[in-house]
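Below is one structure, written out as structure tokens; the observations come after it.
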There are 2 protein chains.
Amino acid sequence: MRAKKRQRQSELQSLLDDNPFLTDQELAEKFAVSIQTIRLDRMELGIPELRERVKMVANDAYAKIKSLGEEALIGDLQEFVPGVRAVSSLDATMDMIYDRTMTVRAEHIFAQANSLAICLANSSEAVTVQASIEFLRPVYAGERLVCTATISKREEKRIYMEVTTSSNDAVVFAGKFILDISV
Amino acid sequence: MRAKKRQRQSELQSLLDDNPFLTDQELAEKFAVSIQTIRLDRMELGIPELRERVKMVANDAYAKIKSLGEEALIGDLQEFVPGVRAVSSLDATMDMIYDRTMTVRAEHIFAQANSLAICLANSSEAVTVQASIEFLRPVYAGERLVCTATISKREEKRIYMEVTTSSNDAVVFAGKFILDISV
DNA sequence: CTATAATTGTGAGCAGGTAATAATAGCCGG
DNA sequence: CCGGCTATTATTACCTGCTCACAATTATAG
């Protein structure tokens, strides 16, 4: 009996982990137990009710969408010298991690660099056209990534930049970006 | 009188737009009207109740987090020949867009390519160490991006890949990736 | 066989509503 | 100033998805 219960509770946990939108009713049917059993299980596992779970997801949404979503600049702008240099900082969080290696996924580091480059281009129509990038060492959650973009050359319709990202003074990323500013 | 109502309704609309978590009770207090007035306003504006609003935000979260968040592979795997080639497809949505140019942000295209490369590396410890990438033309919302990664060279601890992304048979992105598989 | 654990049932109550219906307040034109 | 209209407020019944408290039943291990 005890085994059955443990089994159900762990399944319940993972079920709700990747689908928080299930009612106690639905869960009871899935496990073929009474609704009260489900409620007791939730109590013991410290899982809040449907509405609270949904609220939590919704709140996370508000926070996470900012972590890599629609913001123009990924990270926080620290310094901005038009036509010369821009610096942004970004705190690496668990949301950015690749499970298998526990390291920050390359696209997040690229995103910080690329968005800073576009920001520094300071044109309403800047578009990244080329980049040569190096990820010098893996980054872990909790590190603060400071990214610096510097304009190295400027042509009529192109801007060349050097972008580097450091954590604790060690360079973790370096890249050369070419942006198009036709218009 | 009519002016007052219009004023209130438009304020209500924008209030709820950037904070969907307000109850009718709270709104009534904010506007110093009865709760029924708020309900009528919501009806006229077609704004659903708190719980529905929260649910919508939570659902968006689920969709958006997948758009560039925690998934191992960004896009859907279409083909996978271990050690040789992998193909994924990704539908460009409005969530991926840079407002100023209305084009898909480079990091999303990079993310699709990079995550496919890591997937193809098929090692529990693959890490991108270098990439030379080109964005050949801008991508707009609605396009279907088909990304192909091919292994071009394999060393003891490194994998070299060619990754290209096409939309309607035109190549929009091309890159050479070097991954580290030390372990 | 019995003590304990697990499960199920019941009833009250709550938040945040919908839906329907009715009463009241404010204003405007004639 | 009064009828008519819109806007607002009130009232009541009902809904979902719970919580909380308490009791009853069933299973099972010792």
Side-chain angles (χ1 to χ4, degrees), chain A residues 1-66 69-70 94-95, chain B residues 1-67 69-70 95:
Chain A
M1 198 98 189
R2 210 132 84 231
K4 235 182 240 180
K5 191 183 174 185
R6 265 198 301 269
Q7 169 71 9
R8 188 187 56 234
Q9 291 196 347
S10 85
E11 269 186 64
L12 185 79
Q13 182 74 264
S14 53
L15 237 171
L16 288 181
D17 270 354
D18 64 47
N19 184 0
F21 300 91
L22 298 165
T23 64
D24 288 354
Q25 180 64 46
E26 291 167 329
L27 292 164
E29 283 159 20
K30 256 180 229 276
F31 288 107
V33 294
S34 75
I35 212 170
Q36 289 76 7
T37 301
I38 296 294
R39 314 247 226 236
L40 283 171
D41 285 346
R42 274 201 299 102
M43 297 297 151
E44 288 175 21
L45 295 168
I47 298 174
E49 63 164 303
L50 170 69
R51 282 153 181 169
E52 291 306 313
R53 294 192 307 264
V54 171
K55 220 182 285 176
M56 286 164 64
V57 173
N59 275 326
D60 278 14
Y62 259 48
K64 264 181 198 168
I65 276 164
K66 282 175 186 169
E70 322 190 313
M94 290 303 283
D95 302 338
Chain B
M1 201 94 186
R2 209 131 86 234
K4 234 181 241 179
K5 192 184 174 183
R6 265 198 301 270
Q7 170 71 9
R8 188 187 56 234
Q9 291 196 347
S10 84
E11 270 186 63
L12 185 79
Q13 182 74 265
S14 53
L15 237 169
L16 288 180
D17 269 353
D18 63 48
N19 184 1
F21 301 91
L22 298 166
T23 63
D24 288 355
Q25 181 63 47
E26 290 168 330
L27 291 164
E29 283 160 19
K30 256 179 228 278
F31 289 105
V33 294
S34 75
I35 214 169
Q36 288 76 6
T37 301
I38 296 295
R39 313 244 227 238
L40 283 172
D41 284 348
R42 273 200 300 104
M43 297 298 151
E44 288 177 19
L45 295 167
I47 299 173
E49 63 165 299
L50 170 70
R51 283 152 183 166
E52 292 306 313
R53 294 191 309 263
V54 171
K55 221 182 284 176
M56 287 164 64
V57 173
N59 275 325
D60 278 14
Y62 256 49
K64 271 180 193 167
I65 276 166
K66 279 174 187 171
S67 110
E70 322 190 314
D95 302 337

For the pair made of NZ in Lys4(A) and P in dT8(C), what is the distance, rounded to whole Å?
10 Å

Could you give the distance from CG (Leu22(A)) to CD1 (Ile38(A)), rounded to the nearest 0.5 Å?
10.0 Å

For Arg53(B), all residues meeting side chain to side chain donor-acceptor pair (under 3.5 Å), sequence neighbours excluded
none

Going by the rule side chain to side chain donor-acceptor pair (under 3.5 Å), which residues pair with Arg42(A) if we only count those two or more places apart in sequence or in a different chain?
Asp24(A)

Minimum side-chain heavy-atom gap Glu44(B)-Lys5(B) below 4.5 Å:
yes

Can I get a per-line list of side-chain donor-acceptor pairs under 3.5 Å for residues 12-20 of chain A, giving both atom names and the distance, sequence neighbours left out?
residue, atom, partner, partner atom, Å
Ser14(A), OG, Ser10(A), O, 3.2
Ser14(A), OG, Glu11(A), O, 3.1
Asn19(A), OD1, Phe21(A), N, 3.1

Heavy atoms, side chains only, cut-off 4.5 Å: are Arg8(B) and Thr37(B) in contact?
yes

Hey, could you give me the CD/CD distance between Gln25(B) and Glu29(B), rounded to the nearest 0.5 Å?
4.5 Å

Near DNA chain D, under 4.0 Å by heavy atom, which residues of residues 18-30 of chain A?
Thr23(A), Asp24(A)

By side chain to side chain donor-acceptor pair (under 3.5 Å) - contacts of Glu52(A) (at least two apart):
Lys55(A)

Between atom CD in Gln7(B) and atom P in dT8(D), what is the gap in whole Å?
12 Å

For DNA chain D, which residues of residues 35-55 of chain B approach it to below 4.0 angstrom with any heavy atom?
Gln36(B), Thr37(B), Leu40(B)

